[in-house]
Asks: 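Below: one structure in structure tokens.
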Amino acid sequence: MTLMNVLVDFARTGRIGPLHCGMPLTAAEDLLGPGRPHPAIRMRPDIDGYPYAWNGLELVVTQRVVSGIDIRLRAGSTTKLPHLVLPDSESYPSAVLREDLIAGLDAVDCRHDVNDRLTFGEQSSILTQPANVCAVFFTPRRDDHVPHRERQYLGVIHKHTA
């Protein structure tokens, strides 16, 4: 299992292994262990819409139910994902080029279209079908150590329910 396998499978299915939108937070924590709640949740445990984090994996929670799944990456760095998500490694290089993810989606016949709402300036976005997963790509920041500074790298891939 590689990071690219996880990303492509998530984009194609809208799930990360057994993790999916609509599952109770308690079930997600049973699978992943206790998450790191956003500071707003620590202050007000009943507040909605803030993420619980497991390093590069975040689950947005509404009324104690998973309403969003995000994998956040930073070009030129490494990412850590829970063992359930990426069993073969504790950390992975997180420089995923836009064209590499597109090629991975094309290889499994996962349809994707430009997401006009999040494509502007130096960023672009795609939306996969039928899973409705959004991937957002950015040009690297000044302090990101990447080989191709003019190309776009995956910053976040996410699925959110309404």
Side-chain angles (χ1 to χ4, degrees), residues 1-23 28 31-32 35-38 49-61 66-162:
M1 176 76 65
T2 67
L3 178 60
M4 185 61 76
N5 295 127
V6 170
L7 298 172
V8 168
D9 194 49
F10 178 42
R12 188 177 58 78
T13 66
R15 301 172 70 100
I16 298 176
L19 298 174
H20 60 90
C21 290
M23 74 185 306
L31 294 168
L32 297 167
R36 219 177 45 249
H38 187 277
Y50 290 91
Y52 281 72
W54 290 262
N55 296 313
L57 173 71
E58 294 182 358
L59 301 180
V60 178
V61 176
V66 174
S67 58
I69 301 172
D70 299 19
I71 295 178
R72 297 194 179 277
L73 304 175
R74 181 169 176 195
S77 184
T78 58
T79 191
K80 291 183 181 181
L81 294 172
H83 185 72
L84 173 78
V85 175
L86 192 58
D88 297 336
S89 178
E90 275 190 31
S91 65
Y92 243 84
S94 60
V96 176
L97 286 166
R98 181 182 193 281
E99 50 268 26
D100 291 344
L101 182 61
I102 298 287
L105 296 175
D106 290 344
V108 296
D109 293 323
C110 179
R111 199 174 89 234
H112 51 86
D113 301 303
V114 172
N115 181 356
D116 292 329
R117 291 179 38 201
L118 294 176
T119 298
F120 53 84
E122 292 186 2
Q123 82 175 38
S124 67
S125 177
I126 60 169
L127 200 56
T128 66
Q129 297 304 326
N132 208 30
V133 172
C134 178
V136 185
F137 305 90
F138 304 92
T139 54
R141 296 182 281 198
R142 259 186 236 150
D143 58 338
D144 291 339
H145 301 288
V146 295
H148 307 286
R149 301 210 50 80
E150 71 288 352
R151 293 163 81 185
Q152 291 185 328
Y153 291 85
L154 182 63
V156 64
I157 185 168
H158 61 86
K159 177 174 180 72
H160 292 252
T161 58

Asks: Nearest 0.5 Å, what's the CZ-CG distance between R111 and L105?
Replies: 12.5 Å
Asks: Kindly compute the distance separating CG (L7) from OG1 (T2), expressed to the nearest 0.5 Å.
Replies: 8.0 Å
Asks: So, for V146 and P140, which heavy atoms are closest and what is the spacing to 0.1 Å?
Replies: CG2-CG, 3.5 Å
Asks: Could you list the residues that satisfy side-chain hydrogen bond (donor to acceptor under 3.5 Å, both in side chains) with N55, not counting sequence neighbours?
Replies: none
Asks: Can you give me the closest heavy-atom contact between G56 and L81, atom names plus distance?
Replies: C-CD2, 3.7 Å
Asks: Residues two or more places apart in sequence or in another chain: which of them pass side-chain hydrogen bond (donor to acceptor under 3.5 Å, both in side chains) with N115?
Replies: S125
Asks: Please list all pairs passing the salt bridge (charged side-chain N to carboxylate O under 4.0 Å, His left out) test where one or both residues lie in residues 130-141, with sequence neighbours left out.
Replies: R141-D144
Asks: I'd like to check I16 versus L57 (side-chain heavy atoms, cut-off strictly below 4.5 Å). Are they in contact?
Replies: yes
Asks: Per the salt bridge (charged side-chain N to carboxylate O under 4.0 Å, His left out) rule, what does the pair list look like for residues 114-136, sequence neighbours excluded?
Replies: none
Asks: Could you measure the distance from the CG atom of L101 to the CD1 atom of I126? Nearest 0.5 Å is fine.
Replies: 5.0 Å
Asks: Looking at every non-hydrogen atom in both residues, tell me the closest pair between A28 and L59 and how far apart they are.
Replies: CB-CD1, 3.7 Å
Asks: For the residue pair P18 and L84, establish whether any side-chain heavy-atom pair is separated by less than 4.5 Å.
Replies: yes
Asks: K159 vs N132, test: side-chain contact (heavy atoms from CB on, under 4.5 Å). Steps then yes/no.
Replies: CA-CA 7 Å; K159 177 174 180 72; N132 208 30; 4.1 Å; yes
Asks: With rounding to the nearest 0.5 angstrom, report the CZ to NE2 distance, R72 to H158.
Replies: 7.5 Å
Asks: Is the backbone N or O of V133 less than 3.5 Å from a side-chain atom of T128, with the two atoms forming a donor-acceptor pair by type?
Replies: yes
Asks: Would you give the length of the straight line joining atom CD of E99 to atom CZ of R151, rounded to the nearest 0.5 angstrom?
Replies: 4.0 Å
Asks: For G68 and H160, which heavy atoms make the closest approach, and how far apart are they?
Replies: CA-ND1, 3.8 Å
Asks: Could you list the residues that satisfy side-chain hydrogen bond (donor to acceptor under 3.5 Å, both in side chains) with R98, not counting sequence neighbours?
Replies: S124
Asks: Taking side-chain hydrogen bond (donor to acceptor under 3.5 Å, both in side chains) as the test, write out the residues that go with D106, two or more places apart.
Replies: H112
Asks: Please report the shortest heavy-atom distance between G76 and A95, naming the atom on each side.
Replies: N-CB, 3.9 Å
Asks: Step by step, would you call L73 with Y153 a side-chain contact (heavy atoms from CB on, under 4.5 Å)?
Replies: CA-CA 9 Å; L73 304 175; Y153 291 85; over 6 Å; no
Asks: Enter the distance from D70:CG to F10:CZ here, rounded to the nearest 0.5 Å.
Replies: 7.0 Å
Asks: Test side-chain contact (heavy atoms from CB on, under 4.5 Å) on H20 and V66; report intermediate values, then the result.
Replies: CA-CA 7 Å; H20 60 90; V66 174; over 6 Å; no
Asks: Of all heavy-atom pairs between V6 and V85, which one has the smallest distance, and what is that distance?
Replies: CG2-O, 3.3 Å
